[in-house]
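Take a look at the structure set out below.
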Amino acid sequence: MVWLNEAHHYLGDPRLGEQIGAALHGLLTGGRGPVLVLATLWPEYARQFMALPRPGEPDPHSRVRELLAGRTLAVPEAFDDKALRAAATLAEQGDALLADALTRAATTGRIAQDLAGAPELLRRYQHASPAAVALLHAAMDARRLGAGPSLPQAYLADAAGDYLDDIDYAQLDQNWVESAFAELTQPVHGKQAPLRRVAPRPQHLATSPPDDGRAPLRPSLFQIADYLEQHGRKTRHRLCPPASFWNSALQHLSHPDDLYNLARAARARHRLRWADQLNQRAADNGHVQALLAQATRCEQDADLDGAMAWYRRAADAGHTRALALLAELHEQTAEPDVAETLAWQAAEAGHPRALARIAVLRERASNRAGAQALALRAADAGHGQPLLKLALLRESRGLHQDAEATAALAAERGHPQVCAVLAGLREANGDLDSAATLYQQAADTGHTYALVCLALLREEAHDPAGADALALKAAQAGHTRAVSLLAGLRAEAGDRAGAEALCRTAADTGHVPALLAQAGLREQAGDLDRAEALYRQAADTGHVHALMSVARLRERADDTAGAHALYRQAADAGHFPALTALAVLLEKRGEPAEAEAIAWQAVEAGQHHALVHLIAVRRRAGHEAAANSLARQVIDAGHTLRAAAPRTPLHPHAPGPGLTPS
């Protein structure tokens, strides 16, 4: 078991957070077990980690987002009535802690907060001296605006000044800082205190000692209690900190993330002078986003030399987009050779869009020859985006022949998707003849989905024979859903006979997915015998999904023995969802012990929802005690009970205009 309290301290670490997320994901999916990773995470951090970046922006939480996807459970603020009744029972049975907590929290349901000392923390905050309250407000504001959890004592002391009114400030004595910190560090219940001293472990490095032979002094660091921090986020979210807060941050904070986050907060609150100075300090300390912000500000002030210097620092820190932006600046200042060199460096570092941006800049500056030369060189190196951008830009300017010529050049160099995207754009604009020509050009150079698009155009033009030929050709080229896609559209339009004829023709050529599509059409028509025969024909070729379909039909026909054998055959072939279906079948057949054993096998094979399905079947059948018993086993084994997302059955569907996936 791995327990991560306040997981944002781990997953949100700017240097190691992604590595930690990847390591945890590997632990959960690597086949070792039983493994339980249990973590607490505040909602705002969950939203931050799960948010998708905007196009062109960095993605700092991709591995953490992968880890959290489908694995988060919301913890309510309070226990519900059922849980409170259970707590009361435990209290009656002798749990003194619960009995004491229920005397205060039975009406609100906030048992956990009470047990953790929240009321005393809140009371201490509400009755603290003015100086202590000022320190807490400074700490609350620092945390909610993005500073790290460990705050220097000198920062809090200097920040607190303007939180005091004139009368309270005049009454401070020389020892007010020591007195206020002593007051706030006194613990309440357990080991909690409004502020607690943080003792960072020393780093034992092989470095020379200071000249005087003594270890360097470390600043005194303090951390506000989690409950008070969260209380501050709720009660102070509309308040802007006073000037002493920003000035103290500028004087005492040195971590680049703290400085950058507070700079953003200051700018959002129109404290522009503080924002500029804090961002400057963050940039001086190497924060990449702050470096980019400084460069942008220089650009806005027409200080291109300054912008280049900041972009260069960001690029040297490993930010590939900074290389691309630096390349653009050199292009704008008439240094095309330098720009192209930098764009190639960015492309080699994983940012090929830099080449496309330089090509577009040249095109817009009427340097069409230079734009095309760079795009062709990029295409020969495996980057088709520059030619795509040029084709779309020329199309948007009404240069349709030039756009087609650019797409043709891309196709010749192994990038047929340019023709396909341009075709989709023209199809969306109603120019179907031109779209067909471009789709054909893309198909001729290896873009198999273009054949499907052509088939759909032929179908819309009431040429079913032409549509059939193209769909069959796409199937032969490896596009497995080409036939079922067209057949589905035809069936939806009411031409079920034409849909089945296409499927039969494709099946006769050995195209197994066409058998499945034809079987599905027969099943929809109620011809279950013919559907089963077709599914079995596909299953005989080794198609395990067809086995599942036959088993499902046998189950519908009350042939549970036949369904059992088929599910087992599919599972033995490596299709482990069949174990879940088999467990449910055994449960319905009145064999709960066997069903449970199979469901656990499914979990061990990676089908984590098998037990959830089995519990649901028991509850629907009214077997509540058996369902609860299994649920307790699941929890005791360290698994999470959550409903499986409903699986949408595969059915043919047409892409929207202009969509041309490769």
Side-chain angles (χ1 to χ4, degrees), residues 2 4-26 39-54 56-69 139 141-152 155 198 200-201 203 205 218-219 221-224 226 229 233 249-250 252-268 275 277-296 310-323 325 349-351:
V2 179
L4 299 178
N5 189 37
E6 302 294 339
H8 56 273
H9 295 323
Y10 305 89
L11 303 179
D13 186 278
R15 188 168 61 89
L16 297 175
E18 283 290 83
Q19 294 182 40
I20 294 172
L24 290 172
H25 188 268
T40 56
L41 190 65
W42 288 7
E44 53 265 42
Y45 290 112
R47 289 192 294 270
Q48 174 187 335
F49 295 155
M50 294 298 291
L52 292 172
R54 295 179 179 176
E57 290 186 352
D59 188 2
H61 304 300
S62 61
R63 296 309 305 271
V64 174
R65 185 167 60 251
E66 181 182 13
L67 170 69
L68 296 180
D141 289 347
R143 290 294 290 134
R144 71 184 175 90
L145 297 185
S150 300
L151 302 168
Y155 162 67
V198 180
R201 291 181 178 273
Q203 296 184 358
L205 302 176
R218 292 186 178 86
L221 302 176
F222 289 84
Q223 185 170 326
I224 189 171
D226 289 336
E229 178 186 331
R233 290 176 187 270
L250 192 62
H252 296 291
L253 297 183
S254 59
H255 196 284
D257 289 333
D258 294 349
L259 292 164
Y260 178 70
N261 290 338
L262 292 182
R264 292 185 63 188
R267 189 166 301 280
Q277 293 184 62
L278 286 165
N279 195 85
Q280 174 78 50
R281 279 213 65 199
D284 290 340
N285 283 275
H287 195 283
V288 172
Q289 296 299 327
L291 290 166
L292 294 178
Q294 289 295 107
T296 300
W310 289 114
Y311 280 138
R312 172 52 66 187
R313 285 191 59 183
D316 291 343
H319 198 283
T320 56
R321 182 167 171 262
L323 273 174
L325 295 171
H351 197 85

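In this text the structure is predicted, and so the values were computed from the model without any measurement.
Proximity of a side-chain donor or acceptor of Thr40 to a complementary backbone N or O of Glu6 within less than 3.5 Å is detected. In terms of modelled atom types and a separation under 3.5 Å, the side chain of Asn261 and the main chain of Gly146 share a donor-acceptor contact.
For Tyr155, there are no ring-ring contact (aromatic ring centres under 6.0 Å, His included) partners, not counting sequence neighbours.
Taking CG from Leu11 and CZ from Arg63, the interatomic distance works out to 12.0 Å, rounded to the nearest 0.5 Å. The structure places CD of Glu18 at 11.0 Å from CG of Asp13, a figure rounded to the nearest 0.5 Å. The line from OH of Tyr260 to CG of Leu278 is 12.5 Å long, rounded to the nearest 0.5 Å.
The aromatic rings of His8 and Tyr45 sit parallel, their planes meeting at an angle under 30°, below the 60° perpendicular limit.
Between Leu259 and Ala249, the closest heavy-atom pair is CD2-O, 3.9 Å. Closest approach of Ala39 to Ala7, counting heavy atoms only: CB-CB, 3.8 Å. Of all heavy-atom pairs spanning Leu262 and Ala142, the tightest one is CD2-O, 4.4 Å. Looking at every heavy atom in both residues, Pro58 comes nearest to Pro53 through O-CB, 3.4 Å. When every heavy atom of Gly21 is checked against every heavy atom of Val64, the shortest pair comes out as CA-CG2, 4.4 Å. Summarising the geometry of Ala282 relative to Pro256, their closest heavy-atom pair is CB-O, 3.8 Å, with the distance given to 0.1 Å.
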Tell me, with the steps shown, if His61 and Met50 meet side chain to side chain contact (heavy atoms under 4.5 Å, CB included). CA-CA 8 Å; His61 304 300; Met50 294 298 291; over 6 Å; no

Take Leu52 and Arg65, measure what side chain to side chain contact (heavy atoms under 4.5 Å, CB included) needs, and give me the verdict at the end. CA-CA 9 Å; Leu52 292 172; Arg65 185 167 60 251; 3.4 Å; yes

Begin from the C-alpha positions of Tyr10 and Leu24 and carry the test side chain to side chain contact (heavy atoms under 4.5 Å, CB included) through to its verdict. CA-CA 11 Å; Tyr10 305 89; Leu24 290 172; over 6 Å; no

Step-by-step side chain to side chain contact (heavy atoms under 4.5 Å, CB included) determination, Phe222 to Leu151: CA-CA 5 Å; Phe222 289 84; Leu151 302 168; 5.6 Å; no

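Side-chain contact between Leu41 and Leu68 is present, with at least one heavy-atom pair separated by less than 4.5 Å.
The salt bridge (Lys or Arg N to Asp or Glu O under 4.0 Å) analysis of residues 141-150, with sequence neighbours excluded, yields the pairs Asp141-Arg144, Asp141-Arg236, Arg143-Glu229. A side-chain hydrogen bond (donor to acceptor under 3.5 Å, both in side chains) check over residues 279-290, counting only residues at least two apart or in different chains, returns the pairs Asp257-His287, Asn279-Gln294, Gln280-Asp284, Gln280-Gln294.
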